[in-house]
Amino acid sequence: MNHYDAIVIGSGAGGGVMAYRLSEMGLRVLVAERGRHEDPTSFTHDELAMIPRLYKHGGLQTTADNDVAIMQGCTVGGSTVINNAIWLRANLARVLPAWNAAGANLDRTEIEAAYHQLEQLLHVTPIAPYDPANPANESSSGAKTFLDGAAALGMKAQMLKHNRKGCIGCGWCNYGCRYNRKLSMLVTTIPWAQQLGATVLDSCQNLTIRWKKEGDGKLRAEGIEFTRHGKPQAATADRVVVSAGAIGSSALLLQSGIAANGQVGKRFHALGGVLVAAQMPYIANNFDGIGLTTLLDDNNPEIVIESFFAPPGAFSITLPGWFATHIERMEQYRYFAQAGVMVPTPPNGSITLDKKGNVKINLKFTNDRISLMKQGIRTLAELYFAAGAVAVFPGTFRHLDLYHPNDFARLDRLVQGADDLILGSAHPQGGNNISRDPAAGVVDESFCVHGFRNLFVADASLFPTNIAANCQATVMALSWMAAKRVAQA
Ligand SMILES: Cc1cc2nc3c(=O)[nH]c(=O)nc-3n(C[C@H](O)[C@H](O)[C@H](O)COP(=O)(O)OP(=O)(O)OC[C@H]3O[C@@H](n4cnc5c(N)ncnc54)[C@H](O)[C@@H]3O)c2cc1C
Ligand code: SF4
């Protein structure tokens, strides 16, 4: 059986950075990933082909009540392979006091240094504003529509930063970048770790962590067991790092019989919401360019509004209207702009296993969250009308077509709860939260699971409370910090 200095389970934002950092520090690393190791040049612009290849559960992961679709990657590189490459630091002045109150006292200077180092490595730069006259234009026209609408209302909006280099603006980031312009873990930290000697095993199924109790009562992770291409396999290590992502990491710990005083899977939360399409009076061709480019700087940190645009299949799922109405609207695809309204949930969801061992995601967007979402939809509709939209269609199940600000009363009448909105999240968080108190968290402030000597967590499941921002930068920064502690264990 092979022995390693460290095993990293999962190869996304957390696992990719961890594998690279540990390899750089001279450790012999094994990365064990459930998804396949894909060749990016084989990615196609075919949604139906790419979703089952790259998305967890073929893109069909939902909360236990089926109200919220939760998107995550399942491939070497994890969700970074399918994400929008937006690099947004968390507002630490707001987030760290909340984390501290939850028992996680992290050093702001150290997090900022980690952001900075990663920004250099991953070529983080501002997305260039929409400029069709520039042959190197990468943004879609929706960036301009969004900024124009915000300016007309006297609201502040900004172009976001991203980890891309030489992007040709094809707009297919959510299905993997076949041009290697998105600097996901698949094309950066994972191959860098391999060059430094790390072994990457893809397709590791039914993985569990082996552990034992030592004489002094402390627990020690010994290694992992899994099946690969139908064959049982195992590996041992001096340290094990769980980076299977929010949901996946809690599920894996529970499946391995690790409950950490019953805390594993508790305090799960997500940033999620609804997409809103705006029909413009001109051909906008928003599919032509990066879709997620701009953010509304609103005073309410609980409402995150970002421009977005999806290829036709994904667009059609969130475009309201049934049968002929839906077809007529899809025929106008080239006229649409689109943006998302997201709100954070409090850390009161959970990840559990049912009697058969199936993973259950318990998460609700309660009515106070829906009220915030309605406020955000209204702001966004106002923005689009100010930019000249002729109609605004929020992602609802019932007909809620807005043609004028006077129609907003219908929003309150027709959207009463989570069942009325087409809800989704690409930012699940928590479930293995950091807290120095073993009765209130899964890992301590050095990212080690309470009670263990050498079992660590490094991914989005660590977040004690919602960061109310796109997560990858903060996941990577925490993993960067955790690596130092892991190497010292
Ligand atoms: C469509 C989409 C768009 C997004 N856009 C952005 C964006 O623009 N900017 C941003 O900041 N964030 C974005 N995000 C979110 C961001 O990508 C994630 O927050 C981040 O990747 C989370 O990192 P992670 O390490 O926690 O998990 P992941 O990156 O999801 O990695 C977890 C890995 O663990 C593997 N795994 C799970 N269970 C097991 C197991 N039992 N055994 C072995 N391996 C396992 C998974 O297959 C996966 O590869 C987006 C997410 C999605 C889905
Ligand atoms: S928009 Fe840019 S980063 Fe995204 S898939 Fe196309 S070339 Fe790659």
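Whatever order the structure lists ligands and atoms in, that order sets their numbers, starting from 1.
- Here is the list of ligand 1 atoms found below 4.0 Å of a heavy atom in Ala32: 43 (C), 44 (N).
- Contact annotation: the side chain of Thr474 approaches that of Tyr115 to within less than 4.5 Å [non-hydrogen atoms, C-beta and beyond].
- Each of the following atoms of ligand 1 lies closer than 4.0 Å to a heavy atom of Ile9: 42 (N), 43 (C).
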Intermediate values then yes/no, side chain to side chain donor-acceptor pair (under 3.5 Å), Thr293 and Tyr130
CA-CA 9 Å; Thr293 49; Tyr130 176 65; over 6 Å; no
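- Which parts of ligand 1 touch Thr75 is read off a 4.0 Å heavy-atom cut-off, strictly below it: atoms 47 (O), 49 (O).
- Without hydrogens or angle criteria, Asn454 side chain to Ala237 main chain gives no donor-acceptor distance under 3.5 Å.
- Residue Tyr55 places a heavy atom less than 4.0 Å from ligand 1.
- Checking only distances, Cys204 never comes within under 3.5 Å of ligand 1, N or O to N or O.
- Set against the non-hydrogen atoms of Asp459, the atoms of ligand 1 under 4.0 Å away are 24 (P), 25 (O), 26 (O).
- The side-chain hydrogen bond (donor to acceptor under 3.5 Å, both in side chains) search around Trp192 returns none, not counting sequence neighbours.
- Shown in contact with Ile82 at under 4.0 Å from a heavy atom are these atoms of ligand 1, numbered in order with element: 1 (C), 2 (C), 3 (C), 53 (C).
- Between the side chain of Asn286 and the backbone N or O of Phe336 there is at least one donor-acceptor pair closer than 3.5 Å.
- You'll find the side chain of Thr62 stays beyond 4.5 Å of the side chain of Val68, heavy atoms only.
- A salt bridge links Lys364 and Asp65; the closest N-O separation between the charged side-chain nitrogens and carboxylate oxygens is under 4.0 Å.
- In terms of N/O distances under 3.5 Å, ligand 1 is not approached by Ala473.
- The protein atom (non-hydrogen) at minimum distance from atom 53 (C) of ligand 1 is Met71 O, 3.3 Å.
- Protein heavy atom at the shortest distance from atom 34 (O) of ligand 1 is Ala244 CA, 3.3 Å.
- Atom 13 (C) of ligand 1 has its closest protein heavy atom at His427 CE1, 3.3 Å.
- Between Lys161 and Glu119 there is no salt bridge, since no side-chain N of the basic residue sits under 4.0 Å from a carboxylate O of the acidic one.
- Near Val475, with a cut-off below 4.0 Å to any heavy atom, the atoms of ligand 1 are 23 (O), 25 (O).
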With side chain to side chain donor-acceptor pair (under 3.5 Å) as the test, would you mind laying out the steps for Asn84 and Glu306 before giving the verdict?
CA-CA 12 Å; Asn84 297 90; Glu306 292 173 347; over 6 Å; no
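- Residue-ligand proximity: Leu88 is placed with every non-hydrogen atom at 4.0 Å or more from ligand 1.
- Inclusion of Cys471 in the set of residues having an N or O under 3.5 Å from an N or O of ligand 1 is warranted.
- Looking from atom 21 (O) of ligand 1 to the surrounding protein, the closest heavy atom is Ser79 CB, 3.4 Å.
- In this structure, the protein non-hydrogen atom closest to atom 7 (C) of ligand 1 is Ile86 N, 3.6 Å.
- Some N or O of Asn84 is nearer than 3.5 Å to an N or O of ligand 1, by distance alone.
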Given Ser461 and Ser250, is the side chain to side chain donor-acceptor pair (under 3.5 Å) satisfied, shown in steps?
CA-CA 8 Å; Ser461 71; Ser250 298; 5.3 Å; no
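- Below 4.0 Å from some heavy atom of Ser243 lie the following atoms of ligand 1, by number and element: 32 (C), 33 (C), 34 (O).
- When each of Asp459, Asn466, Thr345, Thr465 is paired with Gln429, the side-chain hydrogen bond (donor to acceptor under 3.5 Å, both in side chains) condition holds for Asn466 and for no other.
- With waters neither drawn nor counted, the protein N/O/S atoms under 2.8 Å from atom 2 (Fe) of ligand 2 amount to 1.
- Among protein heavy atoms, atom 17 (O) of ligand 1 sits closest to Asn83 ND2, 3.1 Å.
- Inclusion of Gly15 in the set of residues having an N or O under 3.5 Å from an N or O of ligand 1 is not warranted.
- Ala426 O, 3.3 Å is the protein heavy atom nearest to atom 51 (C) of ligand 1.
- Using a 4.5 Å heavy-atom threshold, the side chains of Arg34 and Cys204 count as separate.
- Residues His162 and Trp87 place their aromatic rings such that the two centres sit no closer than 6.0 Å.
- For Phe315 and Phe308, the distance between ring centers is not under 6.0 angstrom.
- Looking only at heavy atoms of the protein, atom 31 (O) of ligand 1 is closest to Gly12 CA, 3.3 Å.
- Listed by atom number, the atoms of ligand 1 under 4.0 Å from Gly73 heavy atoms are 46 (C), 47 (O), 48 (C).
- Checked by distance only, ligand 1 and Gln472 come closer than 3.5 Å through their nitrogen or oxygen atoms.
- Applying the side-chain hydrogen bond (donor to acceptor under 3.5 Å, both in side chains) test to pairs two or more places apart or on separate chains, those with a residue in residues 194-203 are Asp202-Arg228.
- Neither the backbone nor the side chain of Ser461 comes within contact range of ligand 1; no heavy atom lies under 4.0 Å.
- Centroid-to-centroid, the aromatic rings of Trp99 and Phe463 come within less than 6.0 Å.
- Salt bridge annotation for Glu138-Arg164: absent, with no cationic side-chain nitrogen under 4.0 angstrom from a carboxylate oxygen.
- With sequence neighbours left out, the side-chain hydrogen bond (donor to acceptor under 3.5 Å, both in side chains) criterion links His57 to no other residue.
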